[in-house]
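Beneath this line is the structure, given in C-alpha cells, with notes to follow.
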Protein chains: 2
Amino acid sequence: MGMFSKTCEYALRAVFLIAHRTADGGRVGIKDIAASIDSPEYFLAKILQDLSKREIVQSVKGPNGGFYMDSKNLSRPLADVVEAVDGNSIFTGCALGMPECSSNKPCPLHNNFMNVRNQLQQMLTSVSIGQFNEELNLGITHLKR
Amino acid sequence: MGMFSKTCEYALRAVFLIAHRTADGGRVGIKDIAASIDSPEYFLAKILQDLSKREIVQSVKGPNGGFYMDSKNLSRPLADVVEAVDGNSIFTGCALGMPECSSNKPCPLHNNFMNVRNQLQQMLTSVSIGQFNEELNLGITHLKR
DNA sequence: ATAAATAAAGATAAAAATATCTTTTATTAT
DNA sequence: ATAATAAAAGATATTTTTATCTTTATTTAT
Ligand code: FES
Ligand code: FES
C-alpha cells in the first residue's frame, strides 16, 4: 500500500473527478465516476455514500441525479478528504505506531518524522479540492492510467 | 493506520530495540523484544523471521541465542527496513493509487506529492538503524508507551 | 398517479492483514 | 549423547479492508 488506504485513494480520485465534471453545475453518476477513475463501482458507491454523509460531496437521487460539489465543497482543503476517510492518525500518529506521538516521550524517529508528517499535512491543507480543475480540463493531469 | 503498516511499525521498533540492546555483542530473545516494545509476541516472531531471511537482523538458535545485529546491519539505512516490510510503493507509488507514478501522465497531486514523498525517502535513507542507540541509552527516546 | 432513474442502505462475500498456537530444527550446556 | 533452549517453520484463527449484490427510498419526467 502507498501513503493512503485504497479507500482513500479512490475517494481522492472521485472527489477530483466530481469537482472537475460538475464545476458547471451538472451532476455525475456513480457508473460514470467509476469508469472515469478506474475504480470498482459498488465499492466506490459506498465510499461516496460516506463522503456524502460527511458533506464532502453532495448528491441527489433520481433521473439526472448524481454527485456534485458546490463552491464551498470545492474550496475545502484536500486534507479534509483524507481525514474523513483515513482519520487523522497520518497527521498526528507516531511513525512507529506508539499509542501517541508526543515530544514528552518521543520515539527515536520523532524529530525526523515530524518534519515529513508536518510537510504532508501542510501540503494537504494548503491545496483545495477545486484548484486542480483547470489542469484536468487541459488534459495535463489524469485520474486513470 | 499511520504512514506505515502495523507490521512495519513493529519491525521498526524491534530493529531499534535489537540495535540498542545488542550493540555490545549480546543477543536478545523474542519474548524480551516483544515485551520491550509492546508487541504481540507470536506476530513479532513472524516479522523477525522475515527480517532475518532478508538479512536485516541476524539470529542464532539455542541457549543464549536470540536476535542481534552486526555493525554492517547497524549502518544500514532505515529505509531498508521499510522497504523490506512494506515494499517500495511508499517511495515510488502514486498518491492516488494510479498504476504508476510518472510525470508523463501525472495525477493532479503529482507535483505536490513528489515533494513529500521524496522528503520521506531522503529522511529514511539518510538515517541509519544504529544512529539512534545513544539516545535510547540515555533514556531520551522510547520504544513503548 | 405512474414509471423510470438514481443514490442510500442493508446484507453478504472475498481477500489481505494481523494474530496465535503447535511442531520442527539448530544450538548450547551438561 | 542427552536435555534444555530458542528460533524457524507450519498450520490455523481472527479482524479489517476491499468488493459485490440486493433491496429500499427519493426524485424526476411523463
Ligand atoms: S513519538 Fe514517534 S513520531 Fe512522535
Ligand atoms: S502520478 Fe500521482 S503522484 Fe505521481
Side-chain angles (χ1 to χ4, degrees), chain A residues 1-15 17-18 21-22 26-35 37-69 84-87 89-90 96-97, chain B residues 1-14 17-18 21-22 26-35 37-69 82 84-87 89-90 96-97:
Chain A
M1 189 57 44
M3 191 102 60
F4 310 118
S5 70
K6 207 130 204 39
T7 308
C8 189
E9 291 173 349
Y10 290 138
L12 289 167
R13 283 198 257 165
V15 154
L17 190 280
I18 296 167
R21 286 282 203 80
T22 68
R27 315 276 163 75
V28 58
I30 183 67
K31 275 197 169 60
D32 195 348
I33 302 172
I37 69 172
D38 254 343
S39 75
E41 178 187 333
Y42 293 120
F43 185 45
L44 183 64
K46 285 300 184 194
I47 296 169
L48 288 181
Q49 226 175 82
D50 187 56
L51 289 182
S52 179
K53 267 184 220 146
R54 295 169 186 272
E55 303 188 303
I56 304 271
V57 302
Q58 297 174 268
S59 69
V60 294
K61 296 179 181 179
N64 304 316
F67 295 90
Y68 66 101
M69 302 179 76
V85 178
D86 279 355
S89 71
I90 197 160
L96 309 189
Chain B
M1 189 57 44
M3 190 103 60
F4 309 119
S5 69
K6 207 133 204 38
T7 307
C8 189
E9 291 173 348
Y10 289 138
L12 289 167
R13 283 197 258 165
L17 190 281
I18 296 168
R21 286 282 203 81
T22 68
R27 315 274 164 75
V28 57
I30 182 69
K31 275 196 168 61
D32 194 349
I33 302 172
I37 69 173
D38 254 343
S39 75
E41 179 187 331
Y42 293 120
F43 185 45
L44 183 63
K46 286 300 185 196
I47 296 168
L48 289 180
Q49 226 175 83
D50 187 56
L51 289 182
S52 179
K53 267 184 221 147
R54 294 170 187 273
E55 302 188 306
I56 305 271
V57 302
Q58 296 174 268
S59 69
V60 295
K61 296 181 181 177
N64 304 316
F67 295 90
Y68 66 101
M69 302 179 77
V82 172
V85 178
D86 279 354
S89 72
I90 197 159
L96 310 189

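All of these numbers come straight from a predicted model, not from anything done at the bench. Every chain is numbered from 1 and lettered A, B, ... according to where its sequence line falls, protein lines coming before strand lines.
- Nearest-nucleotide mapping onto DNA chain C: of B:Pro40 and A:Gly66, the residue sitting toward the 5' end is A:Gly66.
- Judged as a side-chain hydrogen bond (donor to acceptor under 3.5 Å, both in side chains), and not counting sequence neighbours, A:Arg27 has no contacts.
- Remark: P of D:dA9 and CD1 of B:Ile47 are 16 Å apart, rounded to the nearest angstrom.
- Atom pair A:Arg27:CZ and D:dA29:P shows a separation of 10 Å (rounding to whole Å applied).
- Between B:Ser59 and B:Pro63, it is B:Pro63 whose nearest contact on DNA chain D lies nearer the 5' terminus.
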Let me have the donor-acceptor pairs involving side chains of residues 55-69 of chain B, under 3.5 Å, with sequence neighbours excluded, atom names and distances please.
from	atom 1	to	atom 2	distance (Å)
B:Gln58	OE1	B:Asp70	N	3.3

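- Considering only side-chain atoms of A:Phe43, the nucleotide from D:dT20, D:dA9, D:dT27 that sits closest is D:dT20.
- Note: CG (A:Leu44) to P (D:dT20) measures 11 Å, nearest angstrom.
- Atom CD in B:Glu9 sits 10.5 Å away from atom CE in B:Met3 (nearest 0.5 Å).
- Here CE of A:Met1 is found 11.0 Å from SG of A:Cys8. Values are rounded to the nearest 0.5 Å.
- Distance check, rounded to the nearest 0.5 Å: NZ of A:Lys53 to CG of A:Leu48 gives 12.0 Å.
- In this structure, B:Asp38 CG and A:Leu96 CG are separated by 13.0 Å, a value rounded to the nearest 0.5 Å.
- Separating the CD1 atom in A:Ile47 from the OG atom in A:Ser5 is a distance of 8.0 Å, to the nearest 0.5 Å.
- Checked against side-chain contact (heavy atoms from CB on, under 4.5 Å), A:Gln49 has the following partners two or more places apart in sequence or in another chain: A:Lys46.
- Closest-nucleotide positions on DNA chain D for A:Gly65 and B:Phe67 were compared, and the one nearer the 5' end corresponds to B:Phe67.
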All N/O pairs under 3.5 Å across the protein-nucleotides 23-26 of chain D interface:
from	atom 1	to	atom 2	distance (Å)
D:dT26	O4'	A:Lys61	NZ	3.4

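- The distance from atom CZ of A:Phe4 to atom C1' of D:dT18 is 18 Å, rounded to the nearest whole Å.
- Residues from residues 48-58 of chain A lying near DNA chain C, meaning a heavy-atom separation below 4.0 Å, are A:Gln49, A:Ser52, A:Lys53 in numerical order.
- The phosphate of D:dA29 (OP1 or OP2) has a side-chain N or O of A:Asn64 nearer than 4.0 angstrom.
- Chain A approaches DNA chain C over the interval C:dA4 to C:dA11, counting the first and last nucleotide 5' to 3' with an atom under 4.0 Å from its heavy atoms.
- We find the CG-CG distance between A:Leu12 and A:Leu17 to be 12.5 Å, quoted to the nearest 0.5 Å.
- The closest side-chain heavy-atom distance from A:Ile37 to A:Leu44 is below 4.5 Å.
- For the pair B:Arg21 (side chain) and B:Val28 (backbone), a donor-acceptor distance under 3.5 Å is absent.
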